Amino acid sequence: MLRYLSHTIFYLIVLLPLPSAAALRVFACEPEWAALVGELAGDKVKVDTATRPSQDPHYVQARPSLISKVRRADLLVCTGAGLEAGWLPLLLRKGNNKRILAGHPGHLMIADTVQLKEKPVELDRSEGDVHAAGNPHLQTDPRNMLPAAAAIVDRLAQLDPDNATAYRENLAMFSDRWQEAVLEWQLMAIPLQGMPVVVYHRSWVYLQYWLGLKEVASLEPKPGIPPGSRYLADVLSRTQELPGLVIIHSQYQESKAIEWFSGKTGAPVVLLPSTVGGTPEAKDLFSWYENIISRLLKASGRGDD
Ligand SMILES: [Zn+2]
C-alpha cells in the first residue's frame, strides 16, 4: 500500500504540469534601457524602470518602492559613468541584492560597453561637476545601442540559458533593423551638419558628434552648476552674432536662462527628448531618434527645401 502510494505521489509530481519558470526581472535605470531590453527580450522578462522620462537621471530619490524593485531584480541595466552616482549606490545598499552588485552577471553598466567621451585623466568632483567620470549621456548616439544590445543579450543568455537562442535571434533582427534606421536618420540629418547649437546641459555631445552639430556654448558653466548672470553675459557676447544658432534642452531642463538667452539672441529653442517618452512622439526607440532629428530640422529651418 505504502509503495503504491509513494508511486502515485511520484507520478503526480512528475506528470503535473510545472509552473513555467518565472520571468527574469530587469531593473533599468533609464527608460531607454527599459525600451532596449523590451526589444530584445519581449515578454520573457519583466522590466522595472527607475526614472520617468520627465526626471533628470542625475537626480533621483531612492524611494522605498524603488528599493523593493531592486531587491527582486535579476539584472540591473544602467548607464553608469557616474550618471546615477547620486542615487544608485544608496539603492543598491538598501536593496541588499547580491545578484545585481558589481562583479556579478546581473550588474550591467552600458558605459562599460561603449567609447566614453570627455573621459578625464583624473576624477574631480570638487566643483560639483556631475560629469567628472566622463560624459554619461551616451544614449544620444543611436550607434551606441548596438554594443549595448549585444551586452544586454549576453547577460540575458547567461542568466536565462533556456531562452538564450531566442535572445540571440532577437538581437540579430534588432541589429539589422537598427542599422537600417541609423542610415535613414543620417540621410535625414544631412542638412544639420555644422549647425551651431547652444545647449543648457551638456547632454548632447554624442548626438552632436554623430550628426556633426557644433556646440558653441552650454548655459551651465559646468555640468550640474546653474548659470550666474556674469557667465551668461559672457556666453551672450561670444554667440550673439552667430547666424543660424539653435538652443537645445531636454524635457527636464526648464530654465529661465534658456528663455533669457533666446530673448537676447532671437535663437529658437528646441526641446529634444533625451529618452523614450521624452516627447509624445518619442514612443519607442525608433520614433525617439526620428523625433530628435525632425525637431532639429523644424527648429533650424534647414529641412524646409
Ligand atoms: Zn549630465
Side-chain angles (χ1 to χ4, degrees), residues 28-36 49-62 77-91 109-145 148 197-211 213-228 231-232 235 246-258 261 269-279 282 288-289 292 296:
C29 282
E30 289 83 26
E32 64 270 23
W33 307 132
L36 185 54
T49 314
T51 54
R52 291 185 300 277
S54 57
Q55 281 179 301
D56 184 340
H58 282 296
Y59 311 103
V60 173
Q61 262 202 326
V77 182
C78 295
T79 301
L83 182 66
E84 302 94 352
W87 51 278
L88 187 60
L90 180 67
L91 265 187
M109 295 287 137
I110 301 299
D112 296 338
T113 74
V114 307
Q115 189 125 39
L116 213 57
K117 294 200 180 299
E118 301 173 343
K119 212 170 172 167
V121 185
E122 243 178 280
L123 196 75
D124 178 15
R125 291 189 200 277
S126 59
E127 291 176 78
D129 182 347
V130 294
H131 291 178
N135 193 303
H137 301 285
L138 55 95
Q139 86 284 11
T140 65
D141 182 342
R143 294 170 301 182
N144 285 340
M145 289 293 149
V197 297
V198 165
V199 297
Y200 179 73
H201 179 79
R202 304 208 58 230
S203 327
W204 302 100
V205 294
Y206 294 85
L207 179 88
Q208 289 156 205
Y209 175 75
W210 174 46
L211 298 182
L213 313 182
K214 193 165 177 285
E215 183 187 306
V216 291
S218 66
L219 296 181
E220 285 181 335
K222 270 180 178 263
I225 312 289
Y231 174 79
L232 284 178
V235 172
V246 168
I247 306 164
I248 293 176
H249 71 105
S250 55
Q251 65 280 4
Y252 51 79
Q253 294 155 358
E254 296 295 341
S255 161
K256 285 215 161 65
I258 297 171
F261 190 79
V269 179
V270 56
L271 184 160
L272 296 186
S274 66
T275 186
V276 175
T279 56
W288 167 34
Y289 290 101
I292 288 177
L296 282 171

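All figures in this text were calculated on a predicted structure; none of them were measured in a lab. Counting starts at 1 for both ligands and their atoms, in listed order.
Qualifying salt bridge (Lys or Arg N to Asp or Glu O under 4.0 Å) partners for R52, counting only residues two or more places apart in sequence or in other chains: none. Residues satisfying the side chain to side chain contact (heavy atoms under 4.5 Å, CB included) criterion with P31, sequence neighbours excluded, are T49, T51, P53, T275. Not a single salt bridge (Lys or Arg N to Asp or Glu O under 4.0 Å) links D56 to another residue, sequence neighbours left out.
Between the side chains of T279 and Q251, no donor-acceptor pair is found at a separation under 3.5 Å. Counting only N and O atoms by type, the side chains of S203 and Q253 include a donor and acceptor under 3.5 Å apart.
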Inset, instruction - Begin from the C-alpha positions of L91 and E84 and carry the test side chain to side chain contact (heavy atoms under 4.5 Å, CB included) through to its verdict. - result: CA-CA 10 Å; L91 265 187; E84 302 94 352; over 6 Å; no

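Here 4 is the count of protein N, O or S atoms positioned under 2.8 Å from the Zn ion (ligand 1), waters not counted.
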